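All remarks here apply to the structure that follows.
Model, not experiment: these values are computed from the prediction. Just follow the structure's listing: the first ligand is 1, and inside any ligand the first atom is 1.
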Amino acid sequence: MTSAENTVKKPHALELDQAQLTTLLKSWGEPGYRAVQVLKWIWTEKQMDPAAMSNLPAGLRAKLAEGIDWFLPEVHSSLAAGDGSTKLLLKTATGQFMEAVILRYENRTSLCVSSQVGCKLACSFCQTGKLGFFRHLAAHEILAQYVMASNMVRGEGRRISHVVFMGMGEPLDNYQNVVTTVRAMLRPEEEFGFGLSNRHVTVSTSGIAPKIVELAKDVKCALALSLHAARDDLRTELMPVNRRWPLADLKAALADWQQMTGGKITLEYILIKDKNCGPREAKELVKFIHGLRAKVNLIPFNAHPGLPFERPGDGEIRAFQKHLAERSIPAPVRYSKGLEVSAACGQLAAKQIENLSAIPSRKSVIGADAR
Ligand code: SAH
Ligand code: SF4
């Protein structure tokens with residue numbers, strides 16, 4: 001083998017479709033029909049070790065092990081919280097950390113996945129935002145979070161039926177890899193996907209308006225928008241991305257998304273003491289929702305050392321909720337699961353990541369023209 005051949009990157013098993021795998025197998029002198037057997041192991045059985053693919057000849061198993069990248073991240077830690085959630089800290093091939101959180105409910109199991117290591121968008125209330133950006137996750141790294149979590153809960157008789165992109169990173173800033181991942185999650189198992197329902201896979205975004213419209217064209221999944229304020233100066237203070245795509249642009253994009261998909265949008269609204277949950281902000285929120293088919297989740301802010309805000313008191317939370325309810329906007333209060341192990345989505349692997357030597361780059365997705 002020449003050194004050039006040595007350095008050719010192996011395709012990852014979770015990023016090979018049937019045609020590509022068939023071609024690869026044939027190039028090794030193997031019959032093309034073996035591709036279906038291999039893909040069943042991967043997508044239905046979530047088996048990522050070719051040695052365990054018992055209906056394949058030993059020679060083929062060895063070739064698969066050699067010619068394809070089967071890497072799954074190492075479980076650096078797995079922390080269980082009393083409320084049934086488990087936070088997984090996963091170490092990637094590059095030695096960086098990504099986090100996934102398993103959320104167990106009585107009648108379903110959800111997984112919160114990360115789409116990037118760090119985030120460029122620097123929201124002032126978010127631990128990931130404080131870290132800066134390290135890199136995008138590849139589609140196979142996002143899919144690996146599902147494979148690993150599925151294998152962990154299988155023994156409990158659970159199947160992960162819901163996925164939310166509410167872990168670390170801004171999914172629409174890693175657009176292509178996220179769309180590839182969502183498509184794989186939605187594909188039926190017989191077509192080598194995870195067979196999830198399109199209402200059960202939710203992309204959560206801080207509001208990259210043009211990508212919201214693109215998403216509607218590219219894939220039919222659920223959408224959550226992290227709103228957190230419905231007045232431009234306040235939203236910009238909390239979420240710098242609002243400078244580039246202010247509320248008017250965002251609302252237009254959401255309306256387009258609704259028209260194209262027929263779906264209902266979830267608006268995530270963190271409640272931060274003395275900041276965004278007074279009567280004025282409640283009115284602004286009602287006005288923003290007008291004309292959209294949306295539901296609101298109210299999320300009391302999760303305090304962390306180093307973050308400048310506090311959680312409001314119960315009275316303030318209830319008053320805000322009441323203002324919405326009186327205008328027929330149901331807005332349940334959702335306490336993030338896994339708080340005790342800081343497993344709450346979006347509150348991520350900060351300690352480990354801060355220890356990494358990589359220097360966060362804050363190259364902005366907002367673009368130079370936004371400054
Ligand atoms: N970047 C995407 C998805 C990841 S963040 C987004 O912003 O939507 C997932 C959710 O966690 C977002 O709604 C985010 O606003 C929320 N979040 C971040 N920090 C939080 C905190 N300290 N308390 C409560 N929710 C937080
Ligand atoms: Fe990034 Fe979302 Fe955190 Fe904002 S809230 S910094 S977009 S991960």
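- Contact between Gly169 and ligand 1 is present, with at least one heavy atom of the residue lying under 4.0 Å from the ligand.
- Of all the heavy atoms of Ser206, the ones lying under 4.0 Å from any atom of ligand 2 belong exclusively to the side chain.
- Just one of His12, Gln96, Gln116, Arg135 meets the side chain to side chain donor-acceptor pair (under 3.5 Å) condition when paired with Glu141; it is Arg135.
- With a 4.5 Å cut-off on side-chain heavy atoms, Leu247 and Leu227 count as touching.
- For ligand 1, the atoms closer than 4.0 angstrom to any heavy atom of Thr205 are 6 (C), 8 (O).
- Thr86 and Arg104 are linked by a side-chain donor-acceptor pair at a separation below 3.5 angstrom, with hydrogens and angles left out of the test.
- The one candidate from Val219, Asp218, Ile212 that meets the side chain to side chain contact (heavy atoms under 4.5 Å, CB included) condition with Leu215 is Val219.
- For atom 4 (C) of ligand 1, the nearest non-hydrogen atom from the set Ala224, Ala303, Pro300, Gly167 belongs to Gly167.
- Within the 6.0 Å centre-distance limit, the rings of Phe125 and His228 are counted as a close aromatic pair.
- Residue contacts with ligand 2: Ser226 is excluded, as none of its non-hydrogen atoms falls under 4.0 Å.
- Each of His304, Lys275, Lys273 was evaluated against Phe309; a single residue qualifies, Lys275, per the side chain to side chain contact (heavy atoms under 4.5 Å, CB included) test.
- Scanning for salt bridge (charged side-chain N to carboxylate O under 4.0 Å, His left out) contacts around Glu170 gives an empty result, with sequence neighbours left out.
- The existence of a salt bridge linking Lys40 and Glu45 is excluded, since no basic side-chain nitrogen approaches an acidic carboxylate oxygen closer than 4.0 Å.
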What donor-acceptor contacts under 3.5 angstrom involve side-chain atoms of residues 277-286, with partners at least two apart or in another chain?
from, atom 1, to, atom 2, distance (Å)
Arg280, NE, Glu284, OE2, 3.1
Glu281, OE1, Gly278, N, 3.0
Glu281, OE2, Arg231, NH1, 3.1
Glu284, OE1, Arg231, NH1, 3.0
Glu284, OE2, Arg231, NH1, 3.3

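- The residue among Met168, Gln116, His228, Met166 with a heavy atom at the shortest distance from atom 14 (C) of ligand 1 is His228.
- Residue Ser206 approaches ligand 1 through these ligand atoms, each under 4.0 Å from one of its heavy atoms: 6 (C), 7 (O), 8 (O).
- Contacts between Asn302 and ligand 1, counted as non-hydrogen atom pairs separated by less than 4.0 Å, involve both the backbone and the side chain.
- Neither the backbone nor the side chain of Leu121 has any atom closer than 4.0 Å to an atom of ligand 1 (non-hydrogen atoms only).
- Near Gly129, meaning under 4.0 Å from any of its heavy atoms, are these atoms of ligand 2: 6 (S).
- Residue Ile270 approaches ligand 1 through these ligand atoms, each under 4.0 Å from one of its heavy atoms: 15 (O), 17 (N), 20 (C), 24 (C), 25 (N), 26 (C).
- Looking at ligand 1, you won't find any N or O of Glu268 less than 3.5 Å from one of its N or O atoms.
- Using a 4.0 Å cut-off to heavy atoms of Cys123, the atoms of ligand 2 that qualify are 4 (Fe), 5 (S), 6 (S), 7 (S).
- Ligand-side atoms of ligand 2 in range of Cys119: 1 (Fe), 6 (S), 7 (S), 8 (S), range being under 4.0 angstrom from any heavy atom.
- Taking the centre and axis of the six-membered ring of Trp43, the NZ or CZ atom of Arg187 falls inside the cone set by 45° and 6.0 Å.
- Every atom of ligand 1 with a heavy atom of Phe165 under 4.0 Å away is listed here by number and element: 3 (C).
- Residue contact annotation: Cys126 places an N/O/S atom under 2.8 Å from atom 3 (Fe) of ligand 2.
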